[in-house]
Amino acid sequence: MMVEKIYGVCPHDCPDTCSVITEVENGRAVKFYADPDHPITQGWLCGKVRPYLDHVYHSDRLQYPLKRVGPKGSGQWQRISWAEAMAEIGRNWRAIIEQYGAEAILPYSYSGTLGLVQMSVASTRFWNRLGASQLQRSICGAAAEFAVNQTLGARRIPAYADLMQSKLLIVWGHNPASTAPHFMSQIIKAKRAGCQLIVIDPRRTRTAKKADWHIMPRPGTDGALALGMAHAIVAENKHDEKWLNANTVGWTELRARLAEYPPERVAAVTGVAVDDILKLAHLYVSVRPSVIKLADGVQRNHNGGQTARAICMLPALTGQYGVPGGGLMYSASGYVTWDFKAMNYWDECPKPGRWVNMNRLGAALLGETADPPLKSLFVFGSNPAAIAPNAAKVVAGLKREDLFTVVHELFMTDTADYADIVLPATSQLEQTDLHKAYGHATVSYNQQAIPPLGEAKSNWDVMRLLAAEMGFDEPWLQQDVDAVIDEVLAATAVTNPVLKGITVERLKTEGWQAMQIEPSVPFADGKFPTPSGKVELYSQFMADQGLDPLPGWRDVEDDGFVGGDGAVERNGRFPPEEALSLISSAGHFFVTSSLANQPGLLRQAGTPFVEIHPDDAAARDIQHGEQVVVENGRGWCELRAVVTDGVRPGVVVAPKGRWSKLGNGRNINWTTSDALGDMAGQSTYHSNRVWLRPK
Ligand SMILES: Nc1nc2c(c(=O)[nH]1)N[C@H]1C(S)=C(S)[C@@H](COP(=O)(O)OP(=O)(O)OC[C@H]3O[C@@H](n4cnc5c(=O)[nH]c(N)nc54)[C@H](O)[C@@H]3O)O[C@H]1N2
Ligand SMILES: Nc1nc2c(c(=O)[nH]1)N[C@H]1C(S)=C(S)[C@@H](COP(=O)(O)OP(=O)(O)OC[C@H]3O[C@@H](n4cnc5c(=O)[nH]c(N)nc54)[C@H](O)[C@@H]3O)O[C@H]1N2
Ligand SMILES: [Mo]
């Protein structure tokens with residue numbers, strides 16, 4: 001029997017972006033494993049993706065378009081053809097556009113796949129041509145992206161392997177043992193070679209368990225911690241004045257600002273002892289080279305942007321940007337920005353109109369976005385009913401009888417339940433795409449390995465059908481996937497030398513290619529692509545935007561009621577002094593809500609839980625293993641209590657991503673806030689106050 005081996009890419013939201021090989025026999029994938037030659041993947045896959053064929057061939061895969069026949073959310077469907085589905089969508093949209101304009105239609109997509117075509121181009125070209133509302137894609141790392149760009153000019157990252165040159169690694173509010181497994185394996189290797197590991201996280205994560213030192217600050221206070229470290233470093237005159245003068249703007253202003261963050265104040269804010277702040281500062285300046293790994297979990301709060309700004313300041317203070325084994329590891333996304341025109345075709349489209357912040361979906365559907373009102377929602381590659389904050393509002397919005405909702409999905413998710421039309425989507429094995437990683441500088445090609453299951457279609461194929469239905473005949477709405485990739489690659493390569501030599505032809509035979517990064521250590525040439533060409537400790541651009549131009553920390557706490565109508569209850573059921581700070585971080589066994597319906601992984605993950613410190617549990621009569629109600633003015637959910645000293649007193653932790661319908665109807669996002677953070681419309685999931693009680 002002929003077995004074909006096909007190169008592919010893991011499509012999930014993870015910095016590792018693994019290269020994979022699928023073996024296909026008679027049109028069926030029979031084996032799925034890691035590419036042994038890829039420098040990051042190194043021949044092994046994480047526990048989530050190893051059983052990927054169970055996901056692809058899951059018996060719940062949607063295979064045909066469906067039309068709602070009962071009331072919204074009743075689960076009554078009728079199978080229809082693609083032609084009928086398109087005609088139905090076209091009929092609804094034409095009527096909506098005639099009455100309200102195309103901005104009454106909102107596409108909602110995010111991280112189901114991170115592919116260039118199936119995520120990015122599918123989220124731009126057709127929707128721009130339609131003139132739909134634009135989605136502000138700020139649910140994940142918007143604040144840190146903005147902050148890092150303003151401070152350093154671009155997001156660039158040392159290679160994972162450069163960690164072998166580091167003597168100290170601070171993993172700051174990041175849990176790579178779960179969220180970047182191949183980076184974690186590199187950390188373990190570096191540790192064996194003598195690198196010290198410090199983890200800063202209010203929870204004893206799988207990563208923190210490997211640390212030489214685990215510091216547990218109060219959530220949302222890391223900006224103050226970084227400023228306190230800086231204060232201590234400068235007080236001892238251990239900062240690199242020469243480097244600061246040569247390579248930064250705003251050192252004088254920053255120095256004055258640091259005076260506001262003496263260790264005593266920082267200790268009171270962060271809950272980290274003065275001695276520990278001093279020790280951390282001392283280790284950071286004296287054990288060199290030292291590198292800080294920053295990711296997005298630490299900035300999903302009110303202070304997120306300023307947290308990232310403050311952390312970016314530390315390698316500048318100590319002159320460690322451009323030093324092999326030193327500096328900052330945030331993201332590789334800045335090496336390549338896909339050519340704007342090829343992605344958007346905005347010059348051939350109606351002028352981009354209204355932006356809707358994806359964190360405010362519920363509020364937008366319930367009337368906050370009013371002129372014109374949102375009359376239709378098209379969801380693909382996302383599961384907002386499970387993953388967007390303040391789920392009570394999202395679900396109330398989705399239940400609107402006058403909202404025409406289309407969901408393009410692999411599975412009948414919490415969101416698809418409320419659709420008028422459900423369209424079946426292909427998995428990564430059934431589609432073609434190009435991927436660039438955000439953890440490393442590699443471009444990889446995902447070749448379609450098997451035919452679509454049933455009548456499933458890829459995102460891009462659906463965009464082509466929608467374009468035809470709406471009567472748009474521009475060729476850039478009908479190209480095949482390889483032509484789109486070719487066009488975007490070529491247009492981007494004209495101005496960006498890092499893509500030199502990367503072609504679809506080579507990618508098809510080799511699977512992946514490394515970008516040509518020069519210099520390989522970020523900023524080793526001393527050039528920072530900011531307006532001043534230097535590290536902007538003081539940012540004029542931010543000042544002009546009305547933002548604090550210097551790193552700082554604000555004492556803003558969620559009160560558990562933003563967006564809810566809890567005012568009456570505030571002094572009754574929810575006494576402020578009994579509030580706990582809730583973090584809903586990444587689960588180990590799923591990728592947000594993707595894979596969270598797979599029986600094998602669900603078995604390993606167990607009942608949805610919330611971790612609580614023994615002192616906090618005792619004060620509430622909560623026993624280990626019992627069901628508890630987690631609630632605030634926005635909503636509530638039920639979880640199993642895990643009583644553990646692995647969380648800071650005053651802090652509770654419940655992983656994100658559980659499907660409400662597979663539990664008892666609600667997940668943790670029924671409590672999270674849809675308030676926006678300090679920069680770039682950032683989500684603030686971890687600025688969350690809740691009350692816990694036995695059920
Ligand atoms: N297994 C798995 N992998 C994933 C995902 C997943 O759901 N599951 N999600 C993917 C996605 S979408 C993303 S964006 C990345 C996220 O990758 P990470 O940023 O690593 O993930 P998080 O768990 O969101 O946050 C990391 C840690 O931040 C801590 N934290 C929260 N608030 C604070 C704070 O104020 N201060 C400090 N110091 N720590 C804080 C949490 O306790 C958590 O352990 O992971 C990706 N990879
Ligand atoms: N409480 C809490 N909630 C959070 C977070 C948190 O820290 N705490 N983190 C937030 C973050 S960082 C992120 S990035 C978001 C992620 O939220 P989402 O971007 O919504 O990601 P997923 O939950 O993985 O849902 C992706 C959906 O896309 C579908 N899908 C996969 N591939 C395709 C495809 O090719 N086509 C189509 N049409 N569909 C596809 C999958 O079946 C899945 O249902 O969640 C956010 N939610
Ligand atoms: Mo994310």
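Note that ligands are numbered from 1 as they come in the structure, with each ligand's atoms numbered from 1 the same way. Only a predicted model underlies this, so the values are computations on that prediction, with no experimental measurement involved.
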Tested for side-chain hydrogen bond (donor to acceptor under 3.5 Å, both in side chains) against Q431, the lone hit among T426, N446, T113 is T426
Checking side-chain hydrogen bond (donor to acceptor under 3.5 Å, both in side chains) against K656, which of T592, T672, N669 comes through?
-> T592
Give the residue and atom name of whichever protein heavy atom lies nearest to [atom], and the separation in Å to one decimal.
atom: atom 36 (N) of ligand 1; answer: D222 OD1, 2.6 Å
atom: atom 35 (O) of ligand 1; answer: G220 N, 2.7 Å
atom: atom 2 (C) of ligand 1; answer: F590 O, 3.1 Å
atom: atom 40 (C) of ligand 1; answer: P202 CD, 3.6 Å
atom: atom 28 (O) of ligand 1; answer: G173 O, 3.2 Å
atom: atom 43 (C) of ligand 1; answer: D201 OD2, 3.3 Å
atom: atom 9 (N) of ligand 1; answer: K656 NZ, 3.4 Å

Rounded to the nearest 0.5 Å, what separation is found between the CG atom of L116 and the OH atom of Y445?
-> 11.5 Å
Counting from 1, what ligand 2 atoms have a heavy atom of [X] closer than 4.0 Å?
X: H408; result: 37 (C), 38 (N), 39 (N)
X: C140; result: 12 (S), 14 (S)
X: A425; result: 36 (N), 37 (C), 38 (N)
X: T413; result: 44 (O)
X: L410; result: 30 (N), 31 (C), 32 (N), 33 (C), 39 (N), 40 (C)
X: F380; result: 38 (N)
X: T426; result: 35 (O)
X: S593; result: 22 (P), 23 (O), 24 (O), 25 (O)

I'd like the name of whichever of [options] reaches closest to [atom] through any heavy atom.
atom: atom 16 (C) of ligand 1; options: K48, R300, H174; answer: R300
atom: atom 41 (C) of ligand 2; options: R137, E409, M412, H55; answer: E409
atom: atom 15 (C) of ligand 2; options: D433, I139, L423; answer: I139

Report yes if some N/O of [X] lies less than 3.5 Å from some N/O of ligand 1; otherwise report no.
X: T221; answer: no
X: H686; answer: no
X: D13; answer: yes
X: G297; answer: yes
X: T592; answer: yes
X: A586; answer: yes
X: T179; answer: yes
X: P219; answer: no

Check the angle between the aromatic planes of F380 and F378 and answer parallel, tilted or perpendicular using the 30° and 60° thresholds.
-> perpendicular
Kindly assign one of parallel, tilted or perpendicular to the pair H55 and H12, based on the angle between their ring planes and the thresholds 30° and 60°.
-> perpendicular
Within the distance-only criterion (no hydrogens, no angle test), does the side chain of Q682 pair as donor or acceptor with the backbone N or O of G677 below 3.5 angstrom?
-> no
N/O donor-acceptor pair under 3.5 Å between E430 side chain and L453 backbone | yes
Pair F411 + H58: ring centers closer than 6.0 Å = yes
Within the 6.0 Å centroid threshold, strictly below: W553 and Y261 | no
[X] side chain to [Y] side chain, donor-acceptor N/O pair below 3.5 angstrom:
X: N175; Y: T207; result: yes
X: N459; Y: H408; result: yes
X: S687; Y: H302; result: yes
X: N688; Y: N632; result: yes

What part of F589, side chain, backbone, both or neither, has a heavy atom within less than 4.0 angstrom of ligand 1?
-> neither
Under a 4.0 Å heavy-atom limit, does [X] contact ligand 2 with its side chain, its backbone, both, or neither?
X: N459; answer: side chain
X: Q431; answer: side chain
X: S594; answer: both
X: Q118; answer: neither
X: H12; answer: neither
X: T415; answer: neither

Nearest non-hydrogen partners of [X] and [Y], listed with the distance:
X: D13; Y: S111; value: OD2-CB, 3.5 Å
X: A132; Y: P107; value: CB-CD, 4.0 Å
X: A310; Y: G223; value: CB-O, 3.8 Å
X: S109; Y: M358; value: O-CE, 4.2 Å
X: P181; Y: W44; value: O-CH2, 3.5 Å

Which of the numbered atoms in ligand 1 are below 4.0 angstrom from a heavy atom of N301?
-> 35 (O)
Heavy-atom gap V591 to ligand 2 smaller than 4.0 Å = yes
Heavy-atom gap G381 to ligand 2 smaller than 4.0 Å = yes
Is the closest N or O pair between [X] and ligand 2 shorter than 3.5 Å?
X: F411; answer: no
X: N383; answer: yes
X: T672; answer: no

Could you tell me whether D674 and K393 have a side-chain N and a carboxylate O separated by less than 4.0 Å?
-> yes
Electrostatic pair D461-R464, nearest N-O below 4.0 angstrom | yes
For S111, is the nearest heavy atom under 4.0 Å from an atom of ligand 1?
-> no
